[in-house]
Amino acid sequence: DTEVTQTPKHLVMGMTNKKSLKCEQHMGHRAMYWYKQKAKKPPELMFVYSYEKLSINESVPSRFSPECPNSSLLNLHLHALQPEDSALYLCASSRLKGNNEKLFFGSGTQLSVL
Amino acid sequence: AQSVTQLDSQVPVFEEAPVELRCNYSSSVSVYLFWYVQYPNQGLQLLLKYLSGSTLVKGINGFEAEFNKSQTSFHLRKPSVHISDTAEYFCAVSSGSARQLTFGSGTQLTVLP
């Protein structure tokens, strides 16, 4: 199994809603990532978890709250988002062994905030 | 600090023609270089990577790239493209691990019939 699975594929939410994005991998990877990608732009790193602990937070607003309940799962909890938060949210994973790391990406969740 | 420049935002090319997508980087330390491809409504997929050794790197789908340290470049090439190669291509650089990956702005390759 070499896949990173993200659900849902599409999400529409209002600014007062609370929703969660989910990501799952069964490759034994111990690093998991959240990226945000606006249309026609490269992915921007948001969070990195290493061994289920948050190791990088790229100054992301608190309305985005990540969670790593175990080594296979990564969640992104959303609350009180703004329309400018509309984007493709990508999850990725990688091994944590040396520099020969390769990122495996999920297909993303296309989020629209109304 | 490290950065990546993809000089062409859009590259249209006819089917079966060769293509080169340009990538230049800057870094004060040794780097690892990557090309990722993103098909519509998909995540990113690794095409190829340069870590060390031979400067000519072969990847999936018939793509190859050449690392040129003196020119600080890592251009992506394919001798004959197919319609199915239409996608966004991202060059990326890392000085350490995937946690330190910096992406370029992307090049949209459009293969015309």
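Quick note on labels: first sequence line is chain A, next is B, and so on, each numbered from 1.
Heavy-atom pairs under 4.5 Å with chain A peak, among B:Gln6, B:Gln38, B:Gln45, at B:Gln38. Among A:Cys91, A:Pro42, A:Gly108, A:Gly106, the residue with the largest count of heavy-atom pairs under 4.5 Å with chain B is A:Pro42.
In this structure, chain A has a heavy atom under 4.5 Å from the side chain of B:Tyr36, while its backbone stays farther away. With a 4.5 angstrom heavy-atom cutoff, A:Lys40 touches chain B via backbone and side-chain atoms both. When heavy atoms are compared at a cutoff of 4.5 Å, A:Gln37 approaches chain B solely by way of its side chain, counted from C-beta outward. Heavy atoms closer than 4.5 Å to chain A are found in the side chain of B:Leu46, but not in its backbone.
Put simply, the residue from A:Asn57, A:Leu81, A:Leu21 that forms a side chain to side chain contact (heavy atoms under 4.5 Å, CB included) with A:Phe64 is A:Leu81.
In this structure, B:Phe103 and B:Phe90 have perpendicular ring planes: the angle between them is above 60°, well past the 30° mark. Using cut-offs of 30° and 60° on the angle between ring planes, the pair B:Phe74 and B:Tyr50 is tilted.
Here A:Tyr35 and A:Phe47 keep their ring centres 6.0 angstrom or further from each other.
One side chain, B:Thr102 or B:Gln2, offers a donor N or O that lies under 3.5 Å from an acceptor on the other.
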